[in-house]
Amino acid sequence: MDVTQLARYPFLDEARQLVKEENVRTGEILHDPIYERARALGRQRVNDAIRDGVVGDYPAASETDALMNIFSYPIARIIVASVSSGYATGRYALSEAKRAYEHLQHESEELLMAIADEHGLEVGDDMAIYFTDYLEHAPTWSDSWKLVNMPLSRGWISLQKRQLARLLQNAIQDAIYHEVRQMEPPSEVRHVFEDEVTRLRTLMEERQMQREADMGEVTVAKLPPCIRQLLAAAQSGVNVPHVGRFTLVSFLHAVGMDTDDIVALFGGSPDFSRGKTRYQIEHITGKVSGTEYTPPSCSSIKSWGLCPVEKMDAICKRVKHPLGYYRIKSRARRNDD
Amino acid sequence: MTSFLQERFRRYYRDAAIPAPRRFARREYGFVFFDQAGMTRHKGFRQHDELLELLRERAPAHVYHSSAYYETPDASTMQEKGWMGADLIFDLDADHLPGAEDMRYEEMLEAVKQELKKLVSFLTDDFGFTDQDLSLYFSGGRGYHCHVVHPEVLPLESQARREIVDYITGRGLDLDAMLREKTIARRGRMTQTALEIAPPDTPGWQGKISRDIVDFFRELQDMDHGEAMKLLTSFDGVGEKTATGIIEDVTDERIERIRRGKIDQSSFIKKVMPQLVKRCAVELRGEPDEPVTGDVKRLIRQPGSLHGKTGLRVTSLPLDGIDDFDPLRDAVVFDDTVIEVELQHPVEISMMAQRFSLEKGAVEIPEYLAVLLAGRGIADV
């Protein structure tokens, strides 16, 4: 791959190799004026990702630009790792992966296969992948991606290029997320990017407070463990399965939260799209579908594997429905006042 | 009565061949005892003999093991257990079949057996599992279980397993995508469209539906007029006129065109298509119980053990022997020693290739039937 193309996929081994072969010491990257451009781009990558949820296409036409672009990626990762927040990492990983997806749709099948291979996805003839890999990476909470609507034959699903690219987006996101979460950036890094890191941390805290304020009357303390866990997952950038979203939204609706507030809560989800989220919520709350769904009972939540058994408390044992838990807690609080 | 059943169960477990589940020591075991309320679970065994000893000593009414493998199977919380993976389990039960409540026990079991064949065809044709990967069991009660043991399914989470069930039950299937309206000609403001379905050899549900549509028309062709009219007018919005039109229009040549995906020329056939697609989807879908497959820490019945409500054995059956399997013969472990029981109501049943028409009150019946009826609470011993 030439460097211009490689700049679109700076997370690939080939890019990593290139940075390694340049033989630059960490100190140089962090301090040398030559790499000022890379550092600036690295900051921008992180900011764009966390603020706006997208990583842009930074200049890569000339070889130098492309190189700086590639160098900015490991720098961005170091900054994100220093912020040390699951939410920030999730959002960053998703933004990088989304950008890759935009480009991958227009690349050759060979390149897609190579990237799949690097991420442990086996692709067979006719761009077919095994159904368990499909289930791991496809956004099956969306109807058109449900397994039932795929051409499954003898365990394999033949995909179109765009579909394979979308699965790769997910695989890339997972890989970046886990790598960054495991990084332990040297303290020197924190020093160089101190302003950045502090600012981002403050931003994360503000967003957290904002989300809590948005809950209004519905205080987290009254929520049963299952709902609390789903909420935390939705906000921290973990993909919540469809039944989980359903449980969460129908519950929050039932305790009186309005659609706007629920949409705001999902703002932290990595694949957050305001319009789509609103539609899904309005479907569940009956505004679109005409059916107002009631939240599922404890036994359903358990059978879906969404009940955090180890976090069950005394109230959980008394109730058969998460709303029962909420009512008991609400009563207890009123009595306290 | 409990003591009668327990005594017979004890006799069975004295020298019963109970296979050790794969990775025996990694499983959690659970029991329901005759003389104790509720289920005793979170049991673990190091050796197969320890389990056999418990069965001999306590002769439980029901015996289960987990579909999951754990680092510490006998820990009492999930967190301490340390989940390592789980077999993929399908449960087919008469409760889920339409009309089951009006069937006799053996009819019910026969209906579920047909569902089992459907399930196996999904698992082999669509999912590509081989007979090495699948184990089939009669549950001892009202249905059948299928265990899929395959390295790729072990780590699947609940959500992924539900996607697999949804595939089999057709839940979320996009029926609109089965029929495509294609513009074939345009004259000024007039457009001419043709209806298409996927070619029958298309993988997945699209091909299934297409094959079923072709079969439907072939069968329709073979029916006599009255029968065909009756079938067609059972569709919503299809009256005599449309039905007659369809029957006239279904020719060999047209079926051949449908087989190539082209639903054109006949406006009558076009009209019935959306409903036909829906009907085919309902006909083709499997009926496995969704929560069972989605639950990655479920307890399932131990093969070789007895079902406390029937005294029938959880019995393995080969993939190619589904048709020949007769649960009321092959899962029977007790003999025909004559026993006197008191029936609470009349009983009609075929068992061990023998037909029993029993009156209410005192009757003499073979032990295997006495155990079944005592287990179901119909007979007092």
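Not measured: the values here are computed from a predicted model. Below, chains carry the letters A, B, ... as their sequence lines are ordered, and counting in each starts from 1. Only this structure's heavy atoms are used, side chains among them; waters, hydrogens and symmetry mates stay out.
With respect to chain A, the highest number of heavy-atom pairs below 4.5 Å among B:Thr202, B:Asp166, B:Thr169 belongs to B:Asp166. Ranked by heavy-atom pairs under 4.5 Å with chain B, the first of A:Leu135, A:Asp143, A:Ile157 is A:Leu135. When B:Gly170, B:Ala198, B:Pro291, B:Gly172 are compared by the number of non-hydrogen pairs under 4.5 Å with chain A, B:Gly172 comes out ahead. Interface summary for chain A: among B:Thr77, B:Leu123, B:Leu173, the most heavy-atom pairs under 4.5 angstrom belong to B:Leu173. Interface remark: of the candidates B:Ile164, B:Val153, B:Ile168, B:Ile164 forms the most heavy-atom pairs closer than 4.5 Å to chain A.
For B:Lys81 and B:Tyr69, the positive end is not near the middle of the six-membered ring at less than 6.0 Å and at most 45° from its axis. Geometric assessment of B:Lys43 against the ring of B:Tyr29 yields a negative cation-pi assignment under the 6.0 Å and 45° thresholds.
For a residue to count as touching a neighbouring chain, one of its non-hydrogen atoms must lie under 4.5 Å from one of that chain's; by this rule A:Tyr134 does not touch chain B. Neither the backbone nor the side chain of B:Arg161 comes within contact range of chain A, judged by heavy atoms closer than 4.5 Å. Both the backbone and the side chain of B:Glu163 come within less than 4.5 Å of a heavy atom of chain A.
Here B:His150 and B:Phe129 bring their ring centres to under 6.0 angstrom of each other.
Ion pair A:Lys98/A:Glu96 not flagged as a salt bridge, since none of the NZ, NE, NH1 or NH2 atoms sits closer than 4.0 Å to an Asp/Glu carboxylate oxygen.
A 6.0 Å sphere centred on NZ of B:Lys118 holds more than 12 heavy atoms belonging to other residues, nucleotides or ligands. Within a 6.0 Å sphere centred on CD of B:Glu157, heavy atoms belonging to other residues, nucleotides or ligands number 12 at most.
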